[in-house]
Amino acid sequence: MDFNEVILKSISEKKGFDILVYDMRTLTPFIDTMIVCSTNNLRQNYAIATNIKDRLKEAGYKNSIRMEGDSASKWILMDLNETVVHLFVKEERQVYQLDRLYCDVPVKRYDL
């Protein structure tokens, strides 16, 4: 299974929604993909982050997983080298408006 597919399925397993996958290769040489998703509350936000870490380890991912945020965070950022994941409690996503900031970047909506 593709690396990003593992991440996207991990998000879906815990009922993350409004999942957008940005192709960042034309914008920056540092990351290939940015995934942004919404959650309903803090508990779900952290559960998704934990599920991503667990599923990547199960899939044999050996690189470090750097994470900003914890169980009390409305925004969790996961740096997975070529992929960056932003998990937002839905109201917080509206505050930062990353989707508007990256509106010129190629994007796909992920639906399971």
message: Between Met34 and His86, does the side-chain contact (heavy atoms from CB on, under 4.5 Å) criterion hold? Intermediate values first, please.
response: CA-CA 8 Å; Met34 180 174 74; His86 296 274; 3.6 Å; yes
query: Is there a side-chain contact (heavy atoms from CB on, under 4.5 Å) between Arg109 and Ile19 once you walk through the steps?
result: CA-CA 6 Å; Arg109 180 168 300 281; Ile19 305 166; over 6 Å; no
message: Applying side-chain contact (heavy atoms from CB on, under 4.5 Å) to Asn81 and Phe3, what does each step give before you reach the verdict?
response: CA-CA 11 Å; Asn81 295 319; Phe3 175 75; over 6 Å; no
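In the hydrophobic clustering of ILVMFWY residues, with side-chain heavy atoms under 4.5 Å counting as a link, Val6 and Ile48 come out together. In terms of hydrophobic clustering, with Ile, Leu, Val, Met, Phe, Trp and Tyr side chains grouped at heavy-atom distances under 4.5 Å, Val85 and Leu101 are assigned to different clusters. Ile76 and Tyr96 fall into different hydrophobic clusters, where Ile, Leu, Val, Met, Phe, Trp and Tyr side chains are chained together by heavy-atom contacts under 4.5 Å. With hydrophobic clusters built from ILVMFWY side chains whose heavy atoms lie under 4.5 angstrom apart, Leu77 shares a cluster with Leu27. Linking Ile, Leu, Val, Met, Phe, Trp and Tyr residues whenever their side-chain heavy atoms come within less than 4.5 Å places Leu20 and Ile31 in a single cluster.
Atom-to-atom distance recorded for Ser12:OG and Tyr110:OH is 4.5 Å, nearest 0.5 angstrom. Taken from CD1 in Ile65 to CD1 in Ile52, the straight-line distance is 9.0 Å, to the nearest 0.5 Å. Atoms CD and CG, from Glu13 and Asn51 in turn, are 5.0 Å apart once rounded to the nearest 0.5 Å. Interatomic distance, Asp99 CG to Gln94 CD, rounded to the nearest 0.5 Å: 8.0 Å. Note that CG of Asp32 is 6.0 Å distant from CZ of Arg25, once rounded to the nearest 0.5 Å. Annotation: the span from Leu87 atom CG to Ser73 atom OG amounts to 10.5 Å, rounded to 0.5 Å.
The side chain to side chain donor-acceptor pair (under 3.5 Å) test applied to Asp54 returns no partner, not counting sequence neighbours. By the ring pair (Phe, Tyr, Trp, His ring centres under 6.0 Å) test, Tyr22 is found to be paired with no residue, residues two or more places apart in sequence or in another chain being considered. Every residue meeting the side chain to side chain donor-acceptor pair (under 3.5 Å) condition with Asn4, not counting sequence neighbours, appears here in chain and number order: Thr33, Thr83.
Lys57 has its side chain out of reach of Lys62: every pair of non-hydrogen atoms, C-beta onward, lies at least 4.5 Å apart.
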Output side-chain donor-acceptor pairs under 3.5 Å for residues 35-43, partner residues at least two apart or in another chain, one line each.
residue, atom, partner, partner atom, Å
Ser38, OG, Arg93, NH1, 2.9
Thr39, OG1, Asn45, OD1, 3.1
Thr39, OG1, Phe88, O, 3.3
Asn40, OD1, Lys90, NZ, 3.4
Asn41, OD1, Arg43, N, 3.2
Asn41, OD1, Gln44, N, 2.8

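Between Pro106 and Thr26, the shortest heavy-atom distance links the atoms CD-OG1, 4.3 Å. The minimum heavy-atom distance linking Met78 with Ala49 is given by the pair CE-O, 3.6 Å. Residues Ala47 and Lys14 come closest through the heavy atom pair O-CG, 4.2 Å.
The salt bridge (Lys or Arg N to Asp or Glu O under 4.0 Å) contacts involving residues 63-72 comprise Arg66-Asp79, where partners must be two or more places apart or lie in separate chains. Judged as a ring pair (Phe, Tyr, Trp, His ring centres under 6.0 Å), not a single pair has a partner in residues 24-56 (not counting sequence neighbours).
Remark: the backbone N or O of Leu80 is paired with a side-chain donor or acceptor of Tyr61 at under 3.5 angstrom.
Between Lys108 and Asp23 there is no salt bridge, since no side-chain N of the basic residue sits under 4.0 Å from a carboxylate O of the acidic one.
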